[in-house]
Amino acid sequence: MSKWMYYTVALWLLVGCGKGEGTDLPDPLEEGNDWDIVIPSSKDKPGLGDNDGIPAGVPWQLPEGIEVVARPDEPFNPDLGLLHGSLNTFYADVNFINNLDVTVTVEIPSGLICLFKHEGRTQNGILTSTVRIQVPPTYADVNPPADTTTVYLGLGCLNHTMAFPWEENQQWDTRDYPIGKDMYEPSVVTSDPNIGKLLELLADYPKLRLTQHYNPWDAFEPDYETPEWQVIYGMIQNALWEITDGPGLTRKDYRELVEALEPYR
């Protein structure tokens with residue numbers, strides 16, 4: 001990773017990979033050794049950790065009449081009503097066209113992976129909660145044509161050692177936000193069983209819904225302290241990295257995350 005970020009709060013745990021992906025994994029909330037691996041590592045899988053390639057998953061199926069398009073020249077809009085998700089390591093813009101004459105509800109599933117679409121080793125991202133977007137009709141036969149529907153997904157990072165998409169942001173609209181504008185395309189919905197275990201846990205906490213922006217460059221100030229509202233998102237990202245890049249999630253870390261999540265039910 002070319003620059004340090006506030007999310008990185010501890011060294012990787014000096015433990016082995018623990019048990020595999022079988023059904024005999026220990027219950028993370030039962031009594032046991034703090035260092036037991038309760039969610040195994042997926043760091044050797046394509047597209048995760050330090051690996052190139054496409055992560056495993058099933059294609060995201062769009063509703064009839066809906067297309068996803070690129071919109072590279074549209075400025076980032078910081079309207080919080082356009083920000084969706086439950087983890088905010090970075091944002092990706094998704095732009096919809098509706099070719100029907102009625103509004104369509106588009107469900108963006110938890111586990112959707114957004115792939116970095118340019119050259120270079122930059123993070124892939126994952127949506128950690130299901131999002132539903134109302135997409136009104138886009139009238140392509142009027143002049144000028146009606147606008148597309150653009151939203152921003154708050155994503156978690158799947159590659160601890162790779163760059164963050166906001167590191168090169170110098171434009172007036174993006175330099176103060178963790179947005180990877182026109183850098184990502186929605187891909188598959190993860191089928192990784194270990195990431196899936198973490199996503200199952202996060203599904204029970206609707207108050208994780210993003211309601212604030214942050215400036216990622218603030219973390220480089222000498223007197224920076226992580227705001228209280230951001231702490232839970234850092235914990236979730238670190239848990240995800242333990243699975244995608246580390247030895248897996250320990251019982252101790254799992255329990256601490258469950259305790260920290262309680263106010264977000």
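Every heavy atom of this structure was used, including side-chain atoms; hydrogens, water molecules and symmetry mates were not. Just so we're clear, the structure is a prediction, and the values are computed from it rather than from any experiment.
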query = What heavy-atom pair brings Leu100 and Gly65 nearest, and what distance separates the two atoms?
reply =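 In this case the closest contact between Leu100 and Gly65 is CG-CA, 3.9 Å.
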request  = For the pair Arg251 (side chain) and Asn33 (backbone), establish whether a donor and an acceptor sit closer than 3.5 Å, ignoring hydrogens and angles.
outcome  =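 Confirmed, Arg251 side chain pairs with Asn33 backbone.
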request  = Give a yes or no on whether the backbone of Glu67 and the side-chain of Asn99 come within a donor-acceptor separation of less than 3.5 Å.
outcome  =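 No, Asn99 side chain to Glu67 backbone: no donor-acceptor pair under 3.5 Å.
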message = One thing to verify: whether Glu259 and Arg255 come together as a salt bridge, which I'm taking to mean a side-chain N less than 4.0 angstrom from a carboxylate O.
response =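 Judged by the 4.0 Å cut-off on N to carboxylate O distance, Arg255 and Glu259 do not form a salt bridge.
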query = Below 4.0 angstrom, N of the basic side chain to O of the carboxylate: do Asp52 and Arg121 qualify?
reply =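 Judged by the 4.0 Å cut-off on N to carboxylate O distance, Asp52 and Arg121 do form a salt bridge.
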ask   = What orientation do Trp241 and His160 show, parallel under 30°, tilted 30 to 60°, or perpendicular over 60°?
value =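 The arrangement is perpendicular - the two ring planes meet at more than 60°.
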ask   = Relative to each other, are the rings of Trp166 and Phe164 parallel, tilted or perpendicular (30° and 60° limits)?
value = parallel
query = When rounded to the nearest 0.5 angstrom, what is the spacing between CE in Met235 and CG in Asp253?
reply =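 Going from CE on Met235 over to CG on Asp253, the span is 8.0 Å.
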note = Output for pair (Met162 CE, Asn51 CG), nearest 0.5 Å, gives 7.0 Å
note = salt bridge (Lys or Arg N to Asp or Glu O under 4.0 Å) filter on Glu107, not counting sequence neighbours, yields Arg132
ask   = Which residues satisfy the salt bridge (Lys or Arg N to Asp or Glu O under 4.0 Å) test with Asp79, sequence neighbours excluded?
value =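 Listed in chain order: nothing, the list is empty.
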request  = Applying side-chain contact (heavy atoms from CB on, under 4.5 Å), run through Ile236 and Leu202 and close with a yes or a no.
outcome  = CA-CA 9 Å; Ile236 294 169; Leu202 298 176; 3.8 Å; yes
query = For residues Thr130 and Ser110, is any side-chain donor paired with an opposing acceptor at under 3.5 Å?
reply = no
key: CA sep, side-chain torsions, deciding dist, call: Ile126, Leu112, side-chain contact (heavy atoms from CB on, under 4.5 Å)   = CA-CA 6 Å; Ile126 188 168; Leu112 177 70; over 6 Å; no
query = Of Phe90, Tyr152, Tyr91, which meets ring-ring contact (aromatic ring centres under 6.0 Å, His included) against Tyr184?
reply =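 Option passing the ring-ring contact (aromatic ring centres under 6.0 Å, His included) with Tyr184: Phe90.
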query = Applying the side-chain hydrogen bond (donor to acceptor under 3.5 Å, both in side chains) test to Asn95, which of Thr148, Asp147, Thr150 qualifies?
reply = Thr150
